[in-house]
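Contents: one structure, followed by commentary.
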Amino acid sequence: EGSQWYSMYQLLNEYRTEHNHVNTNKKLKYKGRNLGYWVADQRKNYQKGLSVESIKMSDERIALLEEIGFLWKVRSEPEASVREGCTWHSKYLLLKDYLEVHKNTWPSGNQVYKDENLGNWV
């Protein structure tokens with residue numbers, strides 16, 4: 001189970017590098033794997049561990065996930081209004097990246113960047 005966890009963690013880290021966030025929806029498949037279910041399971045296991053010491057997630061795993069921007073609680077929103085679980089924070093990080101790449105030029109009203117409609121968000 002340990003090596004499988006680290007394999008999925010690495011996959012999540014690859015997803016973060018590509019998409020600039022780790023807040024996936026539950027049904028996300030990435031590189032042929034059910035990454036969204038794994039992410040949801042991490043949140044569920046973390047919450048269970050807060051009340052049951054014997055199933056507490058290790059501090060190492062918690063730290064690894066938090067290092068890459070993992071959020072333990074996500075606001076529940078209708079699926080249609082959220083594209084792959086994007087949150088305000090992930091859009092903010094995407095905007096920071098955009099501004100760095102485009103030398104502090106703000107995105108236009110309909111600017112799409114890394115598959116996200118960043119212009120409308122700003």
Looking at Gln10, I'd like to know if its CD atom is crowded, meaning that more than 12 non-hydrogen atoms belonging to other residues, nucleotides or ligands lie closer than 6.0 Å.
yes
Please step through side chain to side chain contact (heavy atoms under 4.5 Å, CB included) for the pair Leu93 and Tyr98, ending with a clear verdict.
CA-CA 9 Å; Leu93 293 175; Tyr98 179 91; over 6 Å; no
Quick one: pull up [atom1] in [X] and [atom2] in [Y] and give me the separation to the nearest 0.5 Å.
X	Y	atom1	atom2	result
Arg43	Met57	CZ	CE	10.5 Å
Glu100	Leu95	CD	CG	11.5 Å
Tyr6	Leu12	OH	CG	14.0 Å
Asn20	Leu94	CG	CG	5.5 Å
Tyr15	Ile68	OH	CD1	11.5 Å

Set of residues satisfying side chain to side chain donor-acceptor pair (under 3.5 Å) with respect to [X], sequence neighbours excluded:
X	result
Tyr30	Glu18
Asn13	Arg16
Glu67	none

Quick one, [X] and [Y] - any side-chain contact, counting heavy atoms below 4.5 Å?
X	Y	result
Phe70	Leu64	no
Lys96	Leu99	no
Gln42	Arg61	no

In residues 31-41, what donor-acceptor pairs under 3.5 Å come from side-chain atoms, sequence neighbours left out?
residue, atom, partner, partner atom, Å
Lys31, NZ, Glu14, OE1, 2.8
Arg33, NH1, Ser7, OG, 3.4
Asn34, OD1, Lys29, NZ, 3.4

Which residues satisfy the ring-ring contact (aromatic ring centres under 6.0 Å, His included) test with Trp106, sequence neighbours excluded?
none
ring-ring contact (aromatic ring centres under 6.0 Å, His included) with Tyr46: which residues, sequence neighbours excluded?
Trp72
For His21, does its backbone N or O pair with a side-chain atom of His19 as donor and acceptor, under 3.5 Å?
no
Ignoring hydrogens, what is the shortest heavy-atom contact between Asn25 and Leu28? Give both atom names and the distance.
OD1-N, 2.9 Å
